[in-house]
Amino acid sequence: MTWGAFYMYYACPKCGKKFKYAIDLLDVAGEQFGQCPNCKLEGTFIKEGPNTPDSLEYEEVDE
């Protein structure tokens, strides 16, 4: 049983922006999954998991 969304956390190698994608967006986002919403570059994978106290540092990408 799960208690919320599961995320993949990234940081942009160009602008440094921290962002996260909910796993359930994988099908919707397609090839854009994991890309920085600002630079459109592939983000550096940081971690995966549910929301944690440091999750507020990461902007949620919802598309």
Side-chain angles (χ1 to χ4, degrees):
M1 178 178 260
T2 60
W3 297 100
F6 194 80
Y7 294 95
M8 294 187 77
Y9 296 82
Y10 298 90
C12 180
K14 182 176 181 182
C15 71
K17 180 177 194 66
K18 292 181 175 182
F19 55 97
K20 62 185 177 182
Y21 280 84
I23 295 291
D24 60 351
L25 287 180
L26 188 58
D27 290 341
V28 177
E31 290 183 18
Q32 285 77 34
F33 191 91
Q35 288 184 354
C36 176
N38 292 345
C39 302
K40 307 301 183 207
L41 294 175
E42 185 67 29
T44 302
F45 177 75
I46 304 296
K47 67 178 183 173
E48 62 182 71
N51 273 325
T52 56
D54 70 336
S55 294
L56 296 176
E57 297 176 21
Y58 295 83
E59 178 184 322
E60 184 170 354
V61 180
D62 51 6
E63 146 178 335

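Both Phe6 and Phe33 sit in one connected hydrophobic cluster of ILVMFWY residues. Membership requires side-chain heavy atoms under 4.5 Å apart, directly or through other members. In the hydrophobic clustering of this structure, Tyr7 does not group with Leu26; members are Ile, Leu, Val, Met, Phe, Trp, Tyr whose side-chain heavy atoms approach within less than 4.5 Å, directly or through other members.
Within 6.0 Å of NZ in Lys47 there are more than 12 heavy atoms belonging to other residues, nucleotides or ligands.
Residues Asp54 and Lys18 are not paired through a salt bridge, judged by the lack of any N-O separation under 4.0 Å between the basic side chain and the carboxylate.
Of the possible polar contacts, one joining the Tyr21 side chain to the Gln35 backbone as a donor-acceptor pair under 3.5 Å is found.
Considering only heavy atoms from C-beta on, Cys36 stays 4.5 Å or farther from Tyr10 through its side chain. At a threshold of 4.5 Å between non-hydrogen side-chain atoms, the residues Tyr9 and Glu57 do not count as touching. The side-chain heavy atoms of Asn51 and Lys20, taken from C-beta on, include a pair separated by under 4.5 Å.
Between Pro37 and Val61, the closest heavy-atom pair is CG-CG2, 3.9 Å. Minimum interatomic distance between Ile46 and Ala11 (heavy atoms only, all atoms of both residues): CG1-N, 3.9 Å.
Rounded to the nearest 0.5 angstrom, Gln32 CD and Leu25 CG are separated by 11.5 Å. Put simply, CG on Asn38 and NZ on Lys17 are 4.5 Å apart, with the number rounded to the nearest 0.5 Å.
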